[in-house]
Each structure stands twice: as structure tokens, then as C-alpha cells.
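Worksheet: one structure, shown below.
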Protein chains: 2
Amino acid sequence: MQVEPRKAPGSNSGRKRLRVVAAATEVFLKSGFLGANMDEIAVRAGVSKQTIYKNFGSKEALFVDVVTAMMVEADQKVHTAPAEPDSTEAMERYLFEYAYRQLSVALTPELMQLRRLVIGELGRFPELARILYERGPERAITVLAAVFKRLEAKGLLLCPDATVAATNFNWLFMAHPVNRAMLLGDAGLPSDADMQRLAKEAVRVFLAAHTPNRIA
Amino acid sequence: MQVEPRKAPGSNSGRKRLRVVAAATEVFLKSGFLGANMDEIAVRAGVSKQTIYKNFGSKEALFVDVVTAMMVEADQKVHTAPAEPDSTEAMERYLFEYAYRQLSVALTPELMQLRRLVIGELGRFPELARILYERGPERAITVLAAVFKRLEAKGLLLCPDATVAATNFNWLFMAHPVNRAMLLGDAGLPSDADMQRLAKEAVRVFLAAHTPNRIA
DNA sequence: CGCCAGTCATACTGACCAGTCTAGTTTGGT
DNA sequence: ACCAAACTAGACTGGTCAGTATGACTGGCG
């Protein structure tokens with residue numbers, strides 16, 4: 001099977017390719033890799049199976065393409081960097097905003113389902129799980145650690161190991177809702193008020209453990 | 001299809017049943033629900049397919065039985081309750097021991113693979129995921145919250161909401177390694193030294209945020 | 001010994017499905 | 001207008017697999 005090179009997105013071929021990716025995304029998210037049916041994907045995309053196989057070569061390759069595309073798209077939403085704070089009060093606000101934004105962006109039904117899918121297919125597609133790990137939590141923690149290092153230099157934070165501190169903070173607000181969503185489904189996702197509570201509590205605990213001269 | 005009632009475990013039938021469960025456990029963990037092959041399970045159990053269908057009725061039912069059995073077994077290992085502490089120093093030790101034990105017991109390749117499996121099959125078997133949630137993190141947090149309430153009554157802890165405090169503590173040591181294991185596989189599991197570090201850091205952060213009159 | 005419930009190996013059915021093939025149609029560039 | 005590339009519907013192949021059917025074997029018990 002000869003796989004055609006990717007066409008420009010404006011062309012007719014390119015548009016068809018996008019429709020296939022969109023349809024495949026739906027179907028894979030709904031049914032998983034083995035449960036997904038190529039005929040259903042073709043019908044939903046309004047495209048013949050031939051076209052799919054011409055563009056992607058195989059079910060596996062389509063799956064990898066679809067999941068990778070979903071992660072790239074998610075990446076773009078997560079990337080935002082507000083100005084870093086200069087005072088204790090500004091830092092508290094900064095941390096709260098950061099946590100709240102991460103919660104809002106990451107805890108969507110699509111991303112949670114993507115996560116379930118990738119975890120379930122770890123055995124078959126370990127490289128996809130690795131990419132999700134690196135682009136998700138690892139990247140978030142790395143970026144946060146760099147911020148914390150600068151905050152420590154300013155004397156606003158006390159953290160001998162910035163990566164450990166960033167890991168602490170990240171999971172203080174993320175762990176509980178993500179775990180719930182993984183096992184309870186979309187019904188377990190937090191409301192906006194929940195997210196604010198989570199962010200606030202995470203900031204409180206984090207600062208209690210990483211601020212110089214603090215009295216609880 | 002008539003499903004036979006469960007036989008006493010000592011009998012010949014009972015032993016065969018156990019061998020089926022053991023074999024099915026292996027195969028489901030390795031291949032997932034759809035990927036698992038009933039013929040392979042039969043061969044591994046040294047049993048004919050007929051016997052499997054007589055005892056369990058269907059692939060779905062076997063899967064539910066197997067996963068439930070795995071969770072019951074895991075439960076027994078997790079349940080241990082050392083004496084509750086009476087002083088600040090004893091509490092620190094207690095929390096460390098608790099965290100370290102939870103890490104040691106929960107972060108095994110089998111339990112992590114079970115978790116991946118259940119998460120991946122959330123769409124098909126939501127009730128299994130719910131059971132895992134209730135018997136796993138929810139139960140751990142509930143038990144911990146009760147302990148924290150008593151510790152607060154003794155004046156050792158400061159936590160207006162014991163459940164929030166228990167959630168904080170639980171995920172402070174669990175979140176990072178569990179997330180790594182989910183996405184990086186068994187190679188991402190922490191070493192014994194890692195677990196001790198995780199437990200120690202979690203206790204430090206937790207106590208900084210939940211102890212009366214504490215100076216960081 | 002003879003009974004019979006449980007088990008065995010094996011073959012089969014019917015459904016599903018990834019991927020291919022065919023022959024006719026549309027599209028887009030020149 | 002013309003042609004080549006891309007696309008279409010739909011049939012087809014080959015393989016897999018859940019679940020059933022068959023007929024023979026075995027072991028415990030009266």
C-alpha cells in the first residue's frame with residue numbers, strides 16, 4: 001500500500017483528509033482502537049475506504065495520526081504565559097490563576113477521553129503514551145519549575161528543589177479531579193466553583209510549605 | 001446458556017474455576033477486553049472452552065468476575081491499621097509509614113495494569129471503574145479523613161475539612177508515581193528509595209499546611 | 001461393576017472486519 | 001476540451017473469534 005504524501009489543507013484532498021481525521025477522532029474516542037470500525041469512519045467522513053487507506057495506510061497509522069493531532073491541538077490551548085509576579089500577594093494571585101487555568105483547559109471531556117484511550121492502549125502504542133506524558137504533566141512541571149526557580153531567586157519562594165515543588169503544586173490541584181474523571185467519567189468532572197476551590201486550596205497548602213517566614 | 005452455581009473451592013470444579021480465573025486474569029491484563037481470546041484463556045487454564053462457558057456464561061461476565069476478584073484481592077493487602085499516634089513526633093512517623101505502605105502496596109505492576117485496563121474500558125464497563133474508584137482512592141481518603149478528625153480532636157492537626165486534608169495528603173505522594181506508571185508503564189514505577197523520598201516530602205508539605213503553630 | 005455428572009478435544013457456525021479489488025465517475029490542471 | 005489523478009460504491013477475501021454442538025472420556029459413588 002502506497003501512502004500518498006500529505007496534501008495542502010486548502011485543496012480538495014486536504015479537506016477530505018481533515019474530514020477523515022475528524023471522523024476517526026470521534027470513532028476512536030467512542031470505541032477505542034480495537035472497537036473502532038473503518039467502515040464507520042469512512043461513512044462519517046463521507047469518504048470511501050480507499051481514500052482513507054490511500055492517505056493513512058493502515059488503521060494503526062490512522063490511530064497514531066489522530067491521537068497525535070489531538071495532542072498537538074491540546075498543546076496550543078495550554079500554552080499561555082502571564083507575566084511573573086514580583087510580590088507575595090501577586091504571587092498568590094499568579095498561582096491561583098495558573099491552577100485555575102490549567103484545570104479549565106485540561107479537564108474537558110475530550111482530553112479526559114483521550115487520556116483514557118491512550119492509557120488503555122499503552123500496551124499497543126507505548127510511544128503515544130510517552131508523548132502524552134511529555135507534552136502533558138512533564139512539560140507543565142518543567143515550565144512551572146523554571147518559574148519557581150526565578151521566584152526563589154527573588155526571595156518569594158523557598159524551594160531547594162524546584163522540580164519537586166512544581167510537582168507538588170501541579171498535583172495538588174490536578175490529581176483529585178483527574179483521577180475522578182478517569183474512573184467516574186464526565187459526570188465526575190468538577191464544576192467551575194469546584195475548580196476555584198481546588199485552586200485556592202492548592203495555593204494555600206503549597207505556600208504553607210514553600211514560603212519563607214510563614215506562620216500557619 | 002445455563003450458568004452453573006459456584007462450586008466449593010476445594011472440589012475439582014472449584015479448582016478448575018480458579019485456574020480459569022487465573023488464566024483469564026493474565027490474558028485480560030495482557031490484551032485488554034477486546035484483544036483477549038477465549039481460546040487462549042482456555043488453553044492457559046488447561047480447560048476446555050465449554051467449562052469456561054458453563055461457569056461464567058460469557059466473555060463479559062468472565063471479565064467482570066476477573067476484575068472484581070482482582071480488586072477484592074487488592075483490598076485485603078491494603079487493609080492494615082496501625083495504632084494511631086499521640087504526639088507530634090509519633091504522628092510524623094505515622095504519616096510517613098502510612099504513605100510508604102500505600103506506595104509499596106498500590107504501585108505494583110499488576111495493580112497498575114488493572115487500573116489501565118479499567119480506565120480503558122470505562123465506556124464498556126463503567127460499573128467496574130466505579131468500584132475501583134470506591135474501593136481505591138475514595139476508601140483510602142475516607143479512612144484517612146476519620147483518622148485526621150481524631151488527630152484534630154487531640155490538637156495534633158489543624159484541618160477544618162478532614163476530607164480535603166486527606167485528599168491533599170493522599171495525592172501528595174500518590175499522584176506523581178501513579179501518573180507516571182499510567183503513561184510510562186512499569187519502567188516508570190518508583191524504586192524503594194523513590195518511595196521513601198515521596199513519602200517524606202508529602203509528610204513535610206502536609207504538616208506545613210495542617211499543623212497548628214508551625215514555623216517553616 | 002455401572003452410572004452419570006463433569007469434562008475433554010475438536011469441529012463448526014455465524015458474525016465481524018481490515019484491507020483489496022474493480023469498474024465507473026468526478027475533479028482539476030493545462 | 002482533454003486527460004490523468006483522485007475519488008466513488010460496493011463487492012470480495014481471508015482471517016479472527018465468541019459461542020455452540022458433538023461425541024468420547026474420566027472419576028467418584030452407590
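Within every chain, numbering begins at 1; the chains are lettered A, B, ... in the order of the sequence lines, protein sequences first and strands thereafter.
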Salt-bridged, Arg17(B) to Asp65(B), with N to O below 4.0 Å?
-> yes

Residues in salt bridge (Lys or Arg N to Asp or Glu O under 4.0 Å) contact with Arg115(B), at least two apart in sequence or another chain | none

Residue list, salt bridge (Lys or Arg N to Asp or Glu O under 4.0 Å) with Arg101(B), at least two apart or on another chain | none

Lys54(A) has an atom NZ; how far is it from atom C1' of dA9(D), in whole Å?
-> 16 Å

Nearest whole angstrom, please: distance from the C1' of dG19(C) to the CZ of Phe56(A).
-> 16 Å

Glu40(B) CD to dA18(D) C1': how many Å, rounded?
-> 15 Å

Between the side chains of Tyr98(A) and Asn170(A), is a donor N or O closer than 3.5 angstrom to an acceptor N or O?
-> no

Phosphate contact (dT8(D) OP1 or OP2) by Thr51(A) side-chain N/O below 4.0 Å | yes

Residues in salt bridge (Lys or Arg N to Asp or Glu O under 4.0 Å) contact with Glu138(B), at least two apart in sequence or another chain | none

Can you tell me the distance, in whole Å, between the CZ atom of Phe28(A) and the P atom of dC17(C)?
-> 13 Å

Among all residues two or more places apart in sequence or in another chain, which pass the salt bridge (Lys or Arg N to Asp or Glu O under 4.0 Å) test with Glu121(A)?
-> Arg124(A)

Rounded distance (Å) that lies between atom C1' of dC17(C) and atom CD1 of Ile41(A) | 12 Å

Asn55(A) atom CG is separated from dC7(D) atom C1', nearest whole Å, by 11 Å

Interface polar pairs with nucleotides 10-17 of chain D, N/O, under 3.5 angstrom:
{"unit_1": "dC17(D)", "atom_1": "OP2", "unit_2": "Asn37(B)", "atom_2": "ND2", "d": "3.0"}

Indicate the ring-plane relationship of Phe206(A) and His210(A), choosing parallel, tilted or perpendicular according to the 30° and 60° boundaries.
-> parallel

Quick check: does any side chain N or O of Lys59(A) sit under 3.5 Å from a backbone N or O of Phe33(A), one acting as donor and the other as acceptor?
-> yes

Selection: residues 118-128 of chain B, any non-hydrogen atom under 4.0 Å of DNA chain D = none

Round to a whole Å and report the spacing from CZ of Arg17(B) to P of dT7(C).
-> 11 Å

Glu60(A) CD - dG19(C) C1' separation (whole Å) = 11 Å

Shortest side-chain distance from Ser48(B), nucleotide among dG19(C), dA9(C), dC7(D) = dA9(C)

Test log, rule side chain to side chain contact (heavy atoms under 4.5 Å, CB included), inputs Glu40(A) and Val43(A) = CA-CA 5 Å; Glu40(A) 185 183 351; Val43(A) 169; 5.8 Å; no

